[in-house]
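Worksheet for the structure shown next.
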Amino acid sequence: MQQNWSRHLRYTLVGLAGTTLAGLYLGYPVYGLTAGLGFYLLWTLNQTRRLAQWLADPSANDEAPQSLGIWGDLFDKLHKLNQNYLLTRDQLRARIDRIQESTNAMRDAVIMTDARGAMEWWNGSAEHLLGFRRNTDQGQYIYNLIRTPAFKSYFDAKDYREPLELNSPARPHIQLQIQISLFGEEDRLIVAKDVTRLHQLEQMRRDFVSNVSHEMRTPLTVISGYLETLADNADDLPAKWQRAINTMATQSFRMETLVTDLILLSRIETGEQTVNDAPTNVDRLVRQICQDARTLSGEKHHEIIFEAIDPHWLKGDENQLRSAFSNLIFNAVKYTPAGGRISVAWFANTEGGHLSVKDTGTGIDQVHIPRLTERFYRADPSRHKDTGGTGLGLAIVKHVLINHDGSLEIHSRLGEGSEFVCHFPPERLVEGPQSNTIGVNEA
Ligand code: ADP
């Protein structure tokens, strides 16, 4: 380009010198120079006009305007740049069309919003599952279209580790699972999955377990009752019948406990929305459970200590909380050898209320800890026979805590004892009427 420009300058100067010399020959050198400059100016103006015309719509004419010297080079260069730009634009457009086609083929709803939640783009499934309309909803805030308060809080919280479940605003019978990802400058990619079928299956499973448990309860009560009567009057029977009756009585008692736990679990699971939020005196509740635990410990003479370091009460369902706390405390008794120590503490801080149950028992291998709250999961399947456990205790604890917006933390090492801590959020704490009940109660 630099070379062309020098050549252009040279030709122009030679041209001007030529017109000046012609003027000098005729006796008017200044007129000659003026005529040369005027011609050059007109020519340049004409090229500028052609350039402006072409730039107004470069794609209308596939050919670049033809010209001499630097203007010819300029037209060629601009033409090449324009060709490259058109090619890249077409490639990008094809790629975007393909992405849109593939996301439109998805069964999940996909929505893109900016950081404030203004809707920028969504696929066909979003129209079907969430009822968005292409013509009117562009630029609308998504939380004005999905009006559930839980969605607005989820959107604003920016903590998207767990998905959110809600009913579709357009078709309430559809259950959606919403997952949000952040990208760009806090823009959001929202994916909504239809999980109605999964929910139906889960409901069918719960109903089945609950119905079977209820149906089994009456016959089992009858069998246990008769077996108990038989066991009480078995003195006259031969020893082998006495043994058989006692074994049957023990096993039917185990089945009764299992059925009771199954019914309790399905009640806690299905009653997730109907937790009674009256304030519960945790101090008194846990003190009673510790007393029962001492009875359960019996000849094993565990040292059971309860420390209530906080006077706060807890908003929650007392029956459900009793089930959860007693499962943890009775487990500590079951899995701690005779003479061991069990420390229970209720305390609060800025993060909420916490109930800790610590024992010096058998402990649990790390590999089992993530799965302990699954139904029927046992860290040591051979051990439950001695303890008479059903394998449902920690599942009950987990669901009670879910119903109370809480969580369970487990620390344990094989042979070194365990600690189970129930965490409750600060919103669930209330001042108790007698806020000076801080005390220590030892066995
Ligand atoms: P289970 O009725 O068998 O006690 P849980 O659901 O209450 O069922 O507990 C699940 C498993 O977790 C138990 O089988 C046991 O292996 C382990 N576990 C629970 N609590 C303790 C504890 N305090 N110490 C050692 N192991 C425990």
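Every number for a ligand or one of its atoms is a count from 1 in the order of the listing. Everything quoted here is computed from the prediction, not taken from an experiment.
Heavy-atom distances between Lys334 and ligand 1 reach below 4.0 Å in at least one pair. Proximity of Ser418 to ligand 1 is established by a heavy-atom distance of less than 4.0 Å. Not a single heavy atom of Asn327 sits less than 4.0 Å from an atom of ligand 1.
Summarising the local packing, CD of Gln366 is surrounded by more than 12 heavy atoms from other residues, nucleotides or ligands at distances under 6.0 Å. Few gaps surround CD on Glu409; more than 12 heavy atoms of other groups in view lie less than 6.0 Å from it.
Between Leu176 and Asn167, every side-chain heavy-atom pair lies at or beyond the 4.5 Å cut-off.
Using a 4.0 Å cut-off between heavy atoms, Ala379 contacts ligand 1 through both its backbone and its side chain. With a 4.0 Å heavy-atom cut-off, ligand 1 is reached by no atom of Thr336. Contacts between Ile364 and ligand 1, counted as non-hydrogen atom pairs separated by less than 4.0 Å, involve the side chain only.
Considering backbone and side-chain atoms together, Gly391 places an N or O closer than 3.5 Å to an N or O of ligand 1. Where the criterion is an N or O separation shorter than 3.5 Å, residue side chain and backbone included, Tyr377 fails it with respect to ligand 1. Geometrically, ligand 1 and Ala395 share no nitrogen or oxygen pair separated by less than 3.5 Å. Of the N or O atoms in Asn331, one or more lie within a sub-3.5 Å distance of an N or O in ligand 1. By the 3.5 Å distance cut-off applied to N or O atoms, Gly393 is counted among the residues near ligand 1.
Of the possible polar contacts, one joining the Asn327 side chain to the Ser323 backbone as a donor-acceptor pair under 3.5 Å is found. No donor-acceptor pair under 3.5 Å is formed between the side chain of Ser297 and the backbone N or O of Val333.
Ligand-side atoms of ligand 1 in range of Thr362: 25 (C), range being under 4.0 angstrom from any heavy atom. Each of the atoms 2 (O) of ligand 1 lies under 4.0 Å from some heavy atom of Thr390. Of all the atoms in ligand 1, the ones that sit under 4.0 Å from a non-hydrogen atom of Leu394 are 5 (P), 6 (O), 7 (O), 9 (O), 10 (C), 12 (O), 19 (C). Atoms of ligand 1 lying under 4.0 Å from at least one heavy atom of Leu372, given by number and element, are 11 (C), 12 (O).
Heavy-atom minimum distance, Arg188 versus Ala115: NH1-O, 3.4 Å.
Of all the listed residues (Phe330, Tyr335, Phe420), Tyr335 holds the heavy atom that lies closest to atom 15 (C) of ligand 1.
Within the structure, the side-chain hydrogen bond (donor to acceptor under 3.5 Å, both in side chains) test picks out the following pairs touching residues 140-151 (sequence neighbours left out): Arg116-Tyr141.
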Sequence neighbours left out, cut at 3.5 Å: what donor-acceptor pairs do the side chains of residues 93-100 make with other protein atoms?
none

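Ring-plane geometry between Tyr377 and His368 is classed as tilted, the angle between the planes lying from 30 to 60 degrees on a 0 to 90 degree scale.
The side-chain contact (heavy atoms from CB on, under 4.5 Å) test with Leu321 singles out one residue from Ile289, Leu314, Leu401, and that residue is Leu314.
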